[in-house]
Amino acid sequence: MSLGPAGAQINPEHADNFEDIEKQFAVKVVQHMETYWNILEKVKGSTLRLTKLDDEIYEHFQKEFPDFDASATINEDEMKSKAGKERWRNFINQYEKTVEDYNFGAMLRASPKTDYTQEGTIFAVRMQFYAVEIARNRQGLNDWVYEQAHQGK
């Protein structure tokens, strides 16, 4: 028996529609991505709160990843290396009881300077998304999305 989406127990011998589950998972991830982008078009990222714990997450992220440059393009290989995974796992697991869907899949833009693109998007978990996007928002790096959406209005 293994765990499936949202911690549901799945018996692989009885998982006839596992493909359907994967499709539903992908749909939720894409909906999250689109919703976030739509919010950035309506609200300046620098004024946005993604969770009730934004301040705590931001401080913890800065402490655990002091060399992270929110304005730079994320090195996915480094992020997903054995050492990178361990570092992120330690960070993420601290939110197991406080952030809903903390380890659910999410799409993360590699660079704060671009929209979501096939080449420039990283599959991450929700807490990685929160940590990186909260940092980008705090530093005003996502405000361009709002400004571009409101240009000429």
Side-chain angles (χ1 to χ4, degrees), residues 3-8 19-81 83-153:
L3 290 183
E19 213 173 285
D20 288 341
I21 294 169
E22 285 181 344
K23 286 177 187 171
Q24 290 170 1
F25 175 77
V27 167
K28 278 191 78 89
V29 168
V30 170
Q31 285 174 336
H32 178 263
M33 177 182 76
E34 290 173 343
T35 299
Y36 181 60
W37 193 257
N38 288 337
I39 291 169
L40 285 178
E41 288 182 328
K42 291 173 181 50
V43 179
K44 280 190 175 185
S46 57
T47 64
L48 185 62
R49 291 188 64 83
L50 298 179
T51 75
K52 292 182 280 186
L53 301 172
D54 279 15
D55 295 336
E56 179 184 319
I57 293 167
Y58 184 59
E59 288 171 21
H60 182 209
F61 184 54
Q62 287 185 304
K63 182 178 158 225
E64 296 298 322
F65 296 86
D67 52 343
F68 183 83
D69 180 357
S71 66
T73 299
I74 296 170
N75 180 332
E76 184 175 6
D77 292 335
E78 187 179 305
M79 182 184 206
K80 295 186 175 182
S81 69
K85 284 181 182 179
E86 183 65 25
R87 198 170 172 201
W88 275 106
R89 189 177 304 111
N90 292 334
F91 176 84
I92 291 163
N93 286 340
Q94 292 187 37
Y95 296 93
E96 181 178 6
K97 291 180 177 30
T98 55
V99 176
E100 189 176 342
D101 295 332
Y102 76 104
N103 65 350
F104 197 81
M107 302 306 279
L108 177 62
R109 291 174 300 139
S111 169
K113 298 174 182 85
T114 62
D115 191 345
Y116 286 96
T117 64
Q118 190 167 343
E119 304 79 30
T121 303
I122 299 169
F123 185 74
V125 296
R126 187 73 49 94
M127 278 311 303
Q128 288 172 309
F129 169 84
Y130 283 147
V132 171
E133 290 298 333
I134 289 168
R136 289 173 174 171
N137 287 339
R138 292 286 171 96
Q139 295 173 33
L141 299 171
N142 286 330
D143 286 355
W144 69 270
V145 179
Y146 173 86
E147 290 158 6
Q148 181 177 291
H150 292 267
Q151 221 167 27
K153 286 189 179 178

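If you read the sequence from its start, that first residue is 1, and numbering goes on from there. Since the structure is predicted, the reported quantities are computational estimates derived from the model, not experimental observations. Keep in mind that the numbers below use all heavy atoms, side chains included, and drop hydrogens, waters and symmetry copies.
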**Prompt:** Roughly how far, to the nearest 0.5 Å, is the CD atom of Gln94 from the OH atom of Tyr102?
**Reply:**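 So the OH of Tyr102 and the CD of Gln94 are separated by 11.5 Å.
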**Prompt:** If you round to the nearest 0.5 Å, how far is CD of Glu64 from CD1 of Ile92?
**Reply:**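 Between atom CD1 of Ile92 and atom CD of Glu64 there are 12.0 Å.
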**Residue pairs involving residues 87-97 (criterion salt bridge (charged side-chain N to carboxylate O under 4.0 Å, His left out); sequence neighbours excluded)** =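 Non-adjacent pairs meeting salt bridge (charged side-chain N to carboxylate O under 4.0 Å, His left out): Asp67-Arg87, Glu86-Arg89.
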**Message:** Taking salt bridge (charged side-chain N to carboxylate O under 4.0 Å, His left out) as the cut-off, I'd like each qualifying pair that reaches into residues 119-132, sequence neighbours left out, listed once.
**Reply:**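 Output for this query is empty, none listed.
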Where is the tightest heavy-atom contact between [X] and [Y], given as atom of each residue plus distance?
{"X": "Arg136", "Y": "Ala72", "answer": "NH2-O, 4.5 Å"}
{"X": "Asn103", "Y": "Val125", "answer": "O-CG1, 3.6 Å"}
{"X": "Arg49", "Y": "Asp54", "answer": "CA-OD2, 3.1 Å"}
{"X": "Arg109", "Y": "Ile74", "answer": "O-CD1, 4.0 Å"}

**Glu78, CD: over 12 other non-hydrogen atoms inside 6.0 angstrom** =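 No, not enclosed.
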**Asked** Quick one: are the ring centres of Tyr95 and His60 less than 6.0 Å apart?
**Response**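 So the answer is yes for these two rings.
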**Asked** Hey, mind stepping through Glu56 and Ile134 against side-chain contact (heavy atoms from CB on, under 4.5 Å) and telling me if it holds?
**Response** CA-CA 11 Å; Glu56 179 184 319; Ile134 289 168; over 6 Å; no
**Request:** Quick one: list whatever passes ring-ring contact (aromatic ring centres under 6.0 Å, His included) with Phe65, sequence neighbours left out.
**Result:**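 With sequence neighbours excluded, Phe65 shows a ring-ring contact (aromatic ring centres under 6.0 Å, His included) to Phe61, Trp88, Phe91, given in chain and number order.
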**Asked** With sequence neighbours left out, what residues match Lys113 under salt bridge (charged side-chain N to carboxylate O under 4.0 Å, His left out)?
**Response**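 With neighbours one apart ignored, the set is empty.
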**Item:** side-chain hydrogen bond (donor to acceptor under 3.5 Å, both in side chains) against Tyr58, all qualifying residues, sequence neighbours excluded
**Value:**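 Expected list: Gln62.
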N/O donor-acceptor pairs under 3.5 Å from side chains in residues 36-48, not counting sequence neighbours:
unit_1 : atom_1 : unit_2 : atom_2 : d
Tyr36  : OH     : Glu133 : OE1    : 2.9
Tyr36  : OH     : Asn137 : ND2    : 3.3
Tyr36  : OH     : Asn142 : ND2    : 3.4
Trp37  : NE1    : Glu41  : OE2    : 3.3
Asn38  : ND2    : Glu34  : O      : 3.3
Ser46  : OG     : Asp143 : OD1    : 3.2
Ser46  : OG     : Asp143 : OD2    : 2.9
Thr47  : OG1    : Lys44  : O      : 2.8

